[in-house]
Amino acid sequence: MCEGVPLPALAEVAGTPLHVYSRLELRTRVSALDTAFAAYPHDLHYAIKANSTLAVVREMRAGGAHADVNSGGEIEVALRAGFTPDQIVFTGVGKTHDELVRAVTLGLKAINAESPGEMERIDAIARAHGTTARVAVRVNPDVDAGSHPHISTGHRANKFGMTPTQAHAMVTSMAARDHLKVVGLHVHVGSQITDAEPLRRGASAIADLAIALAAEGIRLEHLDVGGGLGIAYQAAQTVLSADDYAAAVVPVVQATGLRLVLEPGRWVTAPAGVLLTRIVDLKTQADGRWFVIADAGMTDLLRPALYSAWHAIEAVERRDGPPIACDVEGPVCETSDTLGKGRELPPVLVGDLLAVRDTGAYGAVMASNYNRRTVAAEVMVDGSDWRVVRKRQTVDDMLQWDM
Ligand code: LLP
């Protein structure tokens, strides 16, 4: 079941592979995170990259969140979901001229600048348009996030942000410019972080810098500590609660008196989604275990192939009998195309449904047309109702840009 709706009924009508979201879970999680920070002035800017389906983004907005975007496309998603420019922060290590023009002319709450060169480009665009751009400076605190290397961003060897020393020099030199207003500092040390220390150290790098700038008479509006709070993909995994997260970050930021900005993505949306997939083939392996071949693969959920990520996989219809040892694989012609290796499932038959858990973040957004597979549909469940919130791509949709 998802809320009051049986998963087989969804698969029957909407087909598979299918991303299924629970509206209740989305709302519950965004408000739980908000409540954890209630004691300190803050704004949750939902990281749209985690799940940018308009219906999901609109739920985040209805739950009181603002938006964090990472590209021109995500700026437009945020606007269409109803966010106003002063509710949007814009990060991105390679913002193009056109994206910066759009951000500056909209007057976003903050453009999180990644380099001194980008600050200069933003300044020039703001001057040309006779406006003042609101900028936050992204600091690279040289912190090891302790998560997968592909999603760790706060180490000095990573491409993101600039050193605290560079950031300090730049803010001092730019504070007097007419067309640039430095409103904050930004840090994001990585994603799927399960330990408080890297999050605390990232926050303290920008808090220390804010205090040094204040001593020079440069007053900011906010400290943006990014996202990164991890979830338990495996039941036994130890993770931080929302309260642990607040306890790690708030005391550090409190010393500055500045408003706190957070950019959560995964924590709010991942557990609110499952990927529903149908078994298309079964065969034995040389060692006696089974290959369970599903109709969803790396084009629908890239995380296992890209990060060796673990997602719980459950049989939707329970059958009696001894469990089978298996690898659950996708249909794409790559050995990396897997949903989960070394699993145990109840006995299953071709045609049975599997639910892959915690796919509400970095699932649908990372879809591709590799192997010319069409992109899966997405549905939102609300109590005993549900609706398609993103149509399944057709072959004609997929081929419409080919000349
Ligand atoms: N803010 C910035 C600047 C970010 O780069 C990210 C994620 C977030 C916020 C949100 O982080 P979260 O709260 O979701 O951890 N595709 C990968 C995750 C990439 C995260 C990229 N940046 C995965 O599937 O694990």
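Note that the coordinates shown come from a computational prediction; the quantities given were computed from them, not determined experimentally. Counting starts at 1 for both ligands and their atoms, in listed order. Throughout, residue positions are numbered sequentially from 1 according to the sequence presented.
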(request) Could you tell me which residues satisfy salt bridge (charged side-chain N to carboxylate O under 4.0 Å, His left out) with Arg390, sequence neighbours excluded, listed by chain and number? (result) Glu378
(request) Just say parallel, tilted or perpendicular for the rings of Phe37 and His42, cut-offs at 30° and 60°. (result) tilted
(request) Please determine, by modelled atom types, if Ser241 and Asp243 share a side-chain donor-acceptor pair under 3.5 angstrom. (result) no
(request) Give the protein residues with at least one non-hydrogen atom closer than 4.0 Å to an atom of ligand 1, ordered by chain and number. (result) Ala47, Lys49, Asp68, Thr91, Ile151, His186, His188, Ser191, Gln192, Gly227, Gly228, Glu263, Pro264, Gly265, Arg266, Arg303, Tyr307, Tyr362, Met366
(request) Specify whether His148 and His150 have parallel, tilted or perpendicular ring planes, treating 30° as the upper limit for parallel and 60° as the lower limit for perpendicular. (result) perpendicular
(request) For the pair His222 and Val183, evaluate side-chain contact (heavy atoms from CB on, under 4.5 Å) and give the outcome as yes or no after the intermediate values. (result) CA-CA 7 Å; His222 70 249; Val183 294; 3.9 Å; yes
(message) Side chains of Arg392 and Asp397, heavy atoms from C-beta outward: is any pair under 4.5 Å?
(response) no
